[in-house]
Number of protein chains: 2
Amino acid sequence: MHMLGQSFNRFEAKRYSEQVAQMIQSKIIKDEIKIGSRLPTERQLADDLKVSRSVLREALRLLEASGYIDVKKGPKGGIFVNNVFHKPISVLWKNLADNGHITIDHIFDVRMQFEPYVMMEATKNATEKDIQRLRDLYVDVDAHFDDPVYLKNRNFEFHVILAGISGNPILSTFTKALLEILAEAAHNFLDLPFEQELSRIHREIIELMAQRKLTAVKKMFKHDILFLKNTLKKTVERDETHKQSKGGER
Amino acid sequence: MHMLGQSFNRFEAKRYSEQVAQMIQSKIIKDEIKIGSRLPTERQLADDLKVSRSVLREALRLLEASGYIDVKKGPKGGIFVNNVFHKPISVLWKNLADNGHITIDHIFDVRMQFEPYVMMEATKNATEKDIQRLRDLYVDVDAHFDDPVYLKNRNFEFHVILAGISGNPILSTFTKALLEILAEAAHNFLDLPFEQELSRIHREIIELMAQRKLTAVKKMFKHDILFLKNTLKKTVERDETHKQSKGGER
DNA sequence: AGAAGATATTGGTCAGACCTATATATATTA
DNA sequence: TAATATATATAGGTCTGACCAATATCTTCT
């Protein structure tokens, strides 16, 4: 690799892989590469950037770990750009939860601490368009009211969009990270009545937001989180107790 | 690679590189690999794990991005394990701050929101040993009271230790991430009187903690953060104004 | 003793081969 | 005709082995 256009970050990064990752990241951030688009193949990209495929791949691992891209195999596969703030901080985070170093309580202590703030900021900043976006999220929900996966995805997305409306990229990322960790810690818990109730609460929150009822929103939102917490704790604890009967030791 | 001991995460991860990364990560977390120790060379490790060096290196990039390891060149170089919660989330985060997508305000909005909570939890949970650890941090500070770098490191470490005492790994990681981003956004601002004042505040906080004066601690801590914010904002804004005279366009 | 240079160690990069999952088209069969 | 095999091409995943480059340490020369 001779030179990647310019130098980055004041002093040039050490490895080519880091430079490549930062360059692609910059282009994504600056919207020079559209979200959802597919980058050239590994071989092509490596060639374009004048680096070996190994270097390119190490760069991809970085971008992937930070959630900038998804990589899929096969034809119609490739390297896809996705919304930065819609992706987990790192695959390795999940492992933390799985190792028992992060508990449900840890997660909810943090959520209770700063998601209501996210909620407040979002309510203050929300434009009519934002509110509409939230409503749209649940517009087809009645048609899928028996589909737990559909509901779960909506309910997840709700929090992500909210963080986005807050206008603070850090909040977006943290929120997303927390939800990802939570999903892992809760062993991807899925329950229809539970998701239905969450949808109901969320839609109620949206309308309160539309009316800018700050206090009510905050109260409802805390209710939302606590409801989630209690349900999950019960399930997970029940799981833990039954664990002994399962063979897998790891 | 035939099999890495066991399978991970319920369903096996896709790539070997991810499996390797998770395996090494697990060993670090379980303390089977000591912090500070040096892993075998890339060639040796790849050989041990029955994977190619390429796969091993992609795994290293993941671990590095998540702060689990440091990699240095040359003899006496190699792969070093470091404290997970003492390292930045990712090199790419820094780039975000550098691109102006994350501002000082974003960072401090978040810090103000949840670091006081960290402070509270730490004060509640702190053992005598914890307090002593904090005092030790500043024990040699008088001898280095003219050394801004020394002070800066202590003041940084203070917040990290505090998050550790809180007992919530998520808070630790977020705190560290915020501080790393901040350092980048503030262009590694360094000023002697400023660091001296921070040291003073921190030592005061430690003594208030020792006496479990919750309210006083919280108040002092907020003061600490706001002082930091205001100082930084002034400096950074001044920097921004002078920017035009600098040639580098990037 | 001190400076200059040789050497060994370890990560960094490269090139090219082959493996594997998967979407799509084609052929086969009920 | 419609459902189901089977072939094929695409794009990532893995492997090998070579060579480059930074750096700590030892050696040699002044």
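All figures in this text were calculated on a predicted structure; none of them were measured in a lab.
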The side chain of A/R53 is closest to which nucleotide in this list: D/dA11, D/dG13, C/dA23? D/dG13
Going by modelled atom types, is there a donor-acceptor pair between the base of D/dG13 and the side chain of A/R43 at under 3.5 Å? yes
Rounded to whole angstrom units, what separation is found between the CG atom of A/L56 and the C1' atom of C/dA15? 14 Å
Given C/dT10, D/dA24, C/dG12, identify the nucleotide with an atom nearest to the side chain of B/T41. C/dT10
From the candidates C/dG11, C/dT9, D/dC15, the one with an atom nearest any side-chain atom of B/P75 is C/dT9
Hey, does A/S54 reach any base, or is it just sugar-phosphate, or nothing, if we go heavy atoms under 4.0 Å? base
Send over the distance from B/R15 CZ to D/dT14 P, rounded to a whole Å. 7 Å
I need the CD1-C1' distance between A/I79 and D/dA11, as an integer number of Å. 9 Å
Closer than 4.0 angstrom, basic N to acidic O: yes or no for A/D130 and A/R135? no
Distance below 4.0 Å between B/S52 side-chain N/O and D/dT14 OP1 or OP2: no
To the nearest Å, how far apart are B/E42 CD and C/dT13 P? 10 Å
How long is the gap from NZ on A/K50 to CG on A/L56, to the nearest 0.5 Å? 13.5 Å
Candidates D/dC15, C/dC14, C/dG11 - which lies nearest the side chain of B/V51: D/dC15
Measure CG/A/L45 against P/D/dA11 and give the value in whole Å, please. 12 Å
Polar side-chain atom of A/H159 near backbone of A/F156 as donor-acceptor pair, under 3.5 Å: no
Whole-Å distance between D/dG12 C1' and A/K73 NZ? 6 Å
Regarding A/R57 and A/E42, does a basic nitrogen lie under 4.0 Å from an acidic carboxylate oxygen? yes
Taken to the nearest 0.5 Å, the spacing of B/Y68 OH from B/Q25 CD works out to 3.5 Å
base_contact_polar (C/dG11 base, B/R57 side chain, donor-acceptor, <3.5 Å): no
Between atom NZ in B/K14 and atom P in C/dA21, what is the gap in whole Å? 14 Å
Atom-pair distance (CD on A/E18; P on C/dG12), nearest Å: 9 Å
